[in-house]
Amino acid sequence: MSLFPIFLKLAARPCVVIGAGTIAESKIESLLIAEASVTVIAPAGLERVQRWAESGEITWHRREYTQGDLAGAFLAVAATNTPAVNRAVYAEANAANILCNAVDDPPFCDYYFPSVVRRGELQIAISTAGESPALAQSLRKEINAALPLDTGEWLMELGRLRREVTAVEPIGDQRKLLLHELAQREVCGFDQCPSRMRARQHAREHGWLPKETA
């Protein structure tokens with residue numbers, strides 16, 4: 001099976017989760033982190049799902065799944081403990097061209113929930129294509145332990161510096177090489193940050209930044 005790793009922007013997109021138990025809980029949480037508009041369909045669920053519903057973070061229909069529940073959905077998750085129900089959800093999604101994940105049933109998945117390490121806007125996703133979620137979780141813990149806690153803050157400053165560079169330098173190999181160089185350097189928020197000074201020097205050398213503003 002060939003997989004193409006992509007990230008979907010789910011903010012405000014309608015996503016339906018069938019199930020509200022242990023299997024569904026982490027999937028609902030992942031969708032909430034992605035700022036999706038989440039609807040849950042299940043007759044009963046965990047206390048945490050109850051709290052999400054009470055706070056208005058999700059819409060919860062307390063009943064069994066029925067055909068047609070995916071109408072209008074962008075993405076679906078079949079997360080019950082009944083394989084036949086999960087596959088019925090997948091069949092409806094497939095017929096309507098809706099992406100669907102039938103949890104723990106790889107042949108009935110259009111996408112997978114990776115284990116993710118987060119540091120601000122940095123996301124490192126690990127997927128085993130459903131072969132071993134336990135391995136993905138183990139690798140996530142190793143990477144999480146090795147990655148500095150302030151990586152997200154560094155990335156934020158690196159993004160600001162990148163925008164400063166792209167505002168004055170034209171597209172081309174010189175700009176690409178500089179951005180790769182800066183990604184290896186310490187970046188801080190100060191105006192006289194050494195990496196910012198390096199970027200200005202580079203722009204001055206190539207005539208893209210007037211000397212008096214360098």
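Side-chain atoms are counted along with the backbone in the values below, which use heavy atoms only and exclude waters and symmetry mates. Owing to the predicted nature of the structure, the values given are computational and were not obtained by experimental measurement.
Between C15 and A36, the closest heavy-atom pair is SG-CB, 3.8 Å. Here the shortest heavy-atom pairing between A24 and G19 reads CB-O, 3.3 Å.
More than 12 heavy atoms of other residues, nucleotides or ligands lie within 6.0 Å of CD in E164, so this atom counts as buried by the packing criterion. The number of heavy-atom neighbours closer than 6.0 Å to CG of D150, taken from other residues, nucleotides and ligands shown, is above 12. For E54, the CD atom counts as densely surrounded, since its 6.0 Å shell holds more than 12 non-hydrogen atoms of other residues, nucleotides or ligands.
Follow the hydrophobic side-chain contacts under 4.5 Å out from L31 and you never reach I98; the two are in separate clusters. By the rule that hydrophobic residues join a cluster once side-chain heavy atoms approach within less than 4.5 Å of another member, L178 and V168 end up as members of separate clusters. Placement of L70 and V17 in two distinct hydrophobic clusters is found when ILVMFWY residues are connected by side-chain heavy-atom separations under 4.5 Å, directly or transitively. In this structure, M197 is not a member of the same hydrophobic cluster as V165, with clusters built from ILVMFWY side-chain heavy atoms closer than 4.5 Å. W60 and V89 sit in two unconnected hydrophobic clusters of ILVMFWY residues. Membership requires side-chain heavy atoms under 4.5 Å apart, directly or through other members.
You'll find the side chain of T39 reaches within 4.5 Å of the side chain of H61, heavy atoms only. Contact annotation: the side chain of I124 never approaches that of V116 to less than 4.5 Å [non-hydrogen atoms, C-beta and beyond].
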Checklist entry - Between Q50 and R62, is a side chain to side chain contact (heavy atoms under 4.5 Å, CB included) present by the stated rule, with each step listed? => result CA-CA 10 Å; Q50 171 73 37; R62 303 184 189 220; 2.8 Å; yes
Item to check | Trace of the side chain to side chain contact (heavy atoms under 4.5 Å, CB included) decision for L122 with L147 | outcome: CA-CA 11 Å; L122 174 67; L147 197 64; 3.9 Å; yes
Next on the checklist: For a side chain to side chain contact (heavy atoms under 4.5 Å, CB included) check, start with the C-alpha distance between T166 and R175, then their side-chain angles and the critical distance, and finish with the verdict.
Outcome noted: CA-CA 8 Å; T166 57; R175 188 173 85 175; 3.6 Å; yes
For a quick test of your reading: what N or O donor-acceptor pairs under 3.5 Å do the side chains of residues 180-195 make, sequence neighbours left out?
{"from": "E181", "atom 1": "OE1", "to": "R198", "atom 2": "NH2", "distance (Å)": "3.4"}
{"from": "E181", "atom 1": "OE2", "to": "R198", "atom 2": "NE", "distance (Å)": "3.0"}
{"from": "R185", "atom 1": "NE", "to": "S195", "atom 2": "OG", "distance (Å)": "3.3"}
{"from": "D191", "atom 1": "OD1", "to": "R200", "atom 2": "NH2", "distance (Å)": "2.7"}
{"from": "S195", "atom 1": "OG", "to": "E186", "atom 2": "O", "distance (Å)": "2.6"}

List the atom pairs, donor and acceptor, that lie under 3.5 Å between side-chain atoms in residues 134-146 and the rest of the protein, sequence neighbours left out.
{"from": "N144", "atom 1": "OD1", "to": "R119", "atom 2": "NH1", "distance (Å)": "2.8"}
{"from": "N144", "atom 1": "OD1", "to": "R119", "atom 2": "NH2", "distance (Å)": "3.3"}

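Between Q174 atom CD and E169 atom CD the span is 8.0 Å, to the nearest 0.5 Å. If you take CD on E25 and CD1 on I23, they are separated by 11.5 Å, rounding to the nearest 0.5 Å. Atom CG of L158 and atom CG of L179 lie 8.5 Å apart (nearest 0.5 Å). If you take OG1 on T59 and CD1 on I41, they are separated by 10.0 Å, rounding to the nearest 0.5 Å. Rounding to the nearest 0.5 angstrom, the gap separating the CD1 atom in I28 from the CG atom in L46 is 8.0 Å. Atom CZ of F74 and atom CG of L99 lie 6.0 Å apart (nearest 0.5 Å).
A donor-acceptor distance shorter than 3.5 angstrom exists from the side chain of D69 to the backbone of T66, with no hydrogens or angles considered. The closest donor-acceptor contact from the side chain of R160 to the backbone of M156 lies at 3.5 Å or more, if one exists at all. At least one donor-acceptor pair under 3.5 Å links the side chain of E92 to the backbone N or O of G68. Put simply, the side chain of N101 gets close to the backbone of Y111: a donor and an acceptor are under 3.5 Å apart. Side-chain N or O atoms of N86 include one that pairs as donor or acceptor with a backbone N or O of T80 at under 3.5 Å.
No hydrogens or angles considered: nothing links the side chains of Q201 and R196 as a donor-acceptor pair under 3.5 Å.
Ion pairing between E29 and R48 holds under the 4.0 Å rule for side-chain N and carboxylate O.
For the side chain to side chain contact (heavy atoms under 4.5 Å, CB included) with V77, the qualifying choice from V103, V16, I18 is V103, the only one to do so.
The aromatic rings of Y90 and F108 lie perpendicular to each other, with more than 60° between the two planes, well past the 30° mark.
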